[in-house]
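I have placed the structure first, in the form of structure tokens, so that the comments after it can refer back to it.
Note that ligands are numbered from 1 as they come in the structure, with each ligand's atoms numbered from 1 the same way. Just the heavy atoms: all of them, side chains too, but no hydrogens, waters or symmetry mates, feed the values below.
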Amino acid sequence: MVQVLVLHASAHHSTQEIASRIGERLRTHGHDADVRALDQVTGGHWLDQCDALVLGSAIHNGAWLPPAEALVRGAVRQLRDRPVWMFSVGMSAALPGPVRRFADRAVQPRIAELVDLVRPREHRRFSGVIRREHLDRKGAVFFRLLGCRYGDHRDWAAVEAWADEIAAQLTKLAARRRAG
Ligand SMILES: Cc1cc2nc3c(=O)[nH]c(=O)nc-3n(C[C@H](O)[C@H](O)[C@H](O)COP(=O)(O)O)c2cc1C
């Protein structure tokens, strides 16, 4: 069994729910997964309580939410000492076909920089939930001009499949530890 901390930064809960689903799935594989909001971890001790981390944030304006980015930047050295998986929740599935294909290929530079710093085992992107009330007037106009669709765009099968892959790697890690 591996102690995993699943940390999330979410403005409108869809990232939080994805993190919860990842945590549930890791537990079904026998790992001890603790799911927490990033702003619930303070001080330097949170990293001592886990063997591995899954870190996720909603994307706003091409970047992780500021508390998530700050936490990661402040703990880069410690994060590199552990197996880490990162995920970003955006709205690529809300975009129309050709724009979506472009968005799927490009990781926003601010996020790519964070990933380069942490060097996680993997960085995954998921789509979340986008509703009219999440956007200001300017954002809503831009959204409409791009031809985007409001709604819940989460692909739960993809989230669960990714959690299963993480669980399998953690199981191998635990076996290697037992073997000494
Ligand atoms: C103000 C604002 C800015 C956003 N900017 C981006 C962006 O730059 N790229 C992207 O892919 N999604 C963007 N989104 C979409 C969100 O990332 C998406 O709705 C996600 O599901 C939000 O997660 P949450 O429900 O955990 O807050 C933005 C949403 C809002 C409200």
Side-chain angles (χ1 to χ4, degrees), residues 4-27 33-42 46 50 53-75 79 84-118 120 122-163 165-166:
V4 196
L5 193 52
V6 182
L7 293 179
H8 56 82
S10 190
H12 299 287
H13 307 298
S14 57
T15 306
Q16 179 189 338
E17 288 163 4
I18 289 173
S20 295
R21 186 69 66 93
I22 291 170
E24 276 166 30
R25 201 77 184 177
L26 294 177
R27 283 192 289 272
D34 185 12
V35 180
R36 279 196 257 167
L38 263 143
D39 54 14
Q40 282 172 9
V41 295
T42 47
W46 56 278
C50 64
L53 282 119
V54 182
L55 303 172
S57 173
I59 306 171
H60 274 195
N61 308 318
W64 272 24
L65 297 182
E69 190 172 317
L71 185 110
V72 168
R73 283 185 183 277
L79 290 171
V84 174
W85 287 262
M86 294 167 78
F87 67 96
S88 303
V89 181
M91 59 174 201
S92 95
L95 299 165
V99 191
R100 179 179 180 177
R101 279 189 287 282
F102 172 75
D104 281 342
R105 278 199 301 272
V107 177
Q108 289 95 335
R110 283 263 299 269
I111 297 175
E113 196 187 312
L114 215 55
V115 172
D116 283 348
L117 279 174
V118 175
E122 197 185 344
H123 169 239
R124 257 311 152 98
R125 284 180 298 162
F126 296 111
S127 290
V129 177
I130 183 85
R131 306 212 185 279
R132 169 64 189 91
E133 59 270 25
H134 298 167
L135 300 172
D136 59 16
R137 260 171 68 95
K138 215 169 103 188
V141 169
F142 191 58
F143 193 83
R144 198 154 288 281
L145 283 175
L146 277 175
C148 298
R149 292 174 299 119
Y150 291 113
D152 184 345
H153 300 286
R154 287 173 293 186
D155 179 346
W156 290 113
V159 171
E160 289 181 357
W162 191 54
E165 285 175 30
I166 295 174

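- In this structure, atom 26 (O) of ligand 1 lies nearest to the protein heavy atom S10 OG, 2.5 Å.
- Classification of the H60-H12 ring pair by plane angle, with boundaries at 30° and 60°, yields tilted.
- Comparing E17, H8, Q108, H134 by heavy-atom distance to atom 9 (N) of ligand 1, the nearest is Q108.
- Remark: ligand 1 and N61 share an N or O pair separated by less than 3.5 Å (distance only, no angle test).
- When only interatomic distances are considered, the shortest N/O to N/O separation between A11 and ligand 1 falls below 3.5 Å.
- With a 6.0 Å radius and a threshold of 12 heavy atoms from other residues, nucleotides or ligands, R110 has its CZ atom at or below the threshold.
- Smallest separation of non-hydrogen atoms from V84 and L79: CG2-O, 3.4 Å.
- Here the protein heavy atom with the shortest distance to atom 19 (O) of ligand 1 is V129 O, 2.6 Å.
- Polar contact with ligand 1: absent for L135 (N/O pair, distance under 3.5 Å).
- Between G56 and L38 the shortest heavy-atom distance is O-CD1, 4.0 Å.
- Annotation: R132, atom CZ; neighbour count of heavy atoms from other residues, nucleotides and ligands within 6.0 Å is above 12.
- The shortest separation from a heavy atom of R154 to ligand 1 is not under 4.0 Å, leaving the residue out of contact.
- Atoms CH2 and CG, on W85 and L26 in that order, are 9.0 Å from each other to the nearest 0.5 Å.
- When only non-hydrogen protein atoms are considered, atom 2 (C) of ligand 1 lies nearest to H60 CD2, 3.7 Å.
- Scanning both residues, F143 and M91, for their nearest heavy atoms gives CE1-SD, 3.7 Å.
- Checked by distance only, ligand 1 and S14 come closer than 3.5 Å through their nitrogen or oxygen atoms.
- Between T15 and ligand 1, at least one N/O pair is under 3.5 Å apart.
- Heavy-atom minimum distance, G151 versus R131: CA-NH1, 3.9 Å.
- The pair D136-K138 does not count as a salt bridge, with every side-chain nitrogen at least 4.0 angstrom from each carboxylate oxygen.
- Set against the non-hydrogen atoms of G128, the atoms of ligand 1 under 4.0 Å away are 21 (O).
- Considering both main-chain and side-chain atoms, V89 comes within under 3.5 Å of ligand 1 through a nitrogen or oxygen pair.
- Side chain of R27 to backbone of A33: a donor-acceptor contact under 3.5 angstrom is found.
- In terms of protein heavy atoms, atom 27 (O) of ligand 1 is closest to H12 N, 2.7 Å.
- Atom 11 (O) of ligand 1 has as its closest protein heavy atom M91 N, 3.1 Å.
- Within the 3.5 Å criterion, the main-chain N or O of A93 finds a donor-acceptor partner in the side chain of S127.
- Remark: ligand 1 atoms within the under-4.0 Å shell around heavy atoms of G62 are 7 (C), 8 (O).
- Comparing L65, I59, I18 by heavy-atom distance to atom 6 (C) of ligand 1, the nearest is I59.
- Counting only non-hydrogen atoms, the option in C148, G90, A58, A9 that gets closest to atom 18 (C) of ligand 1 is G90.
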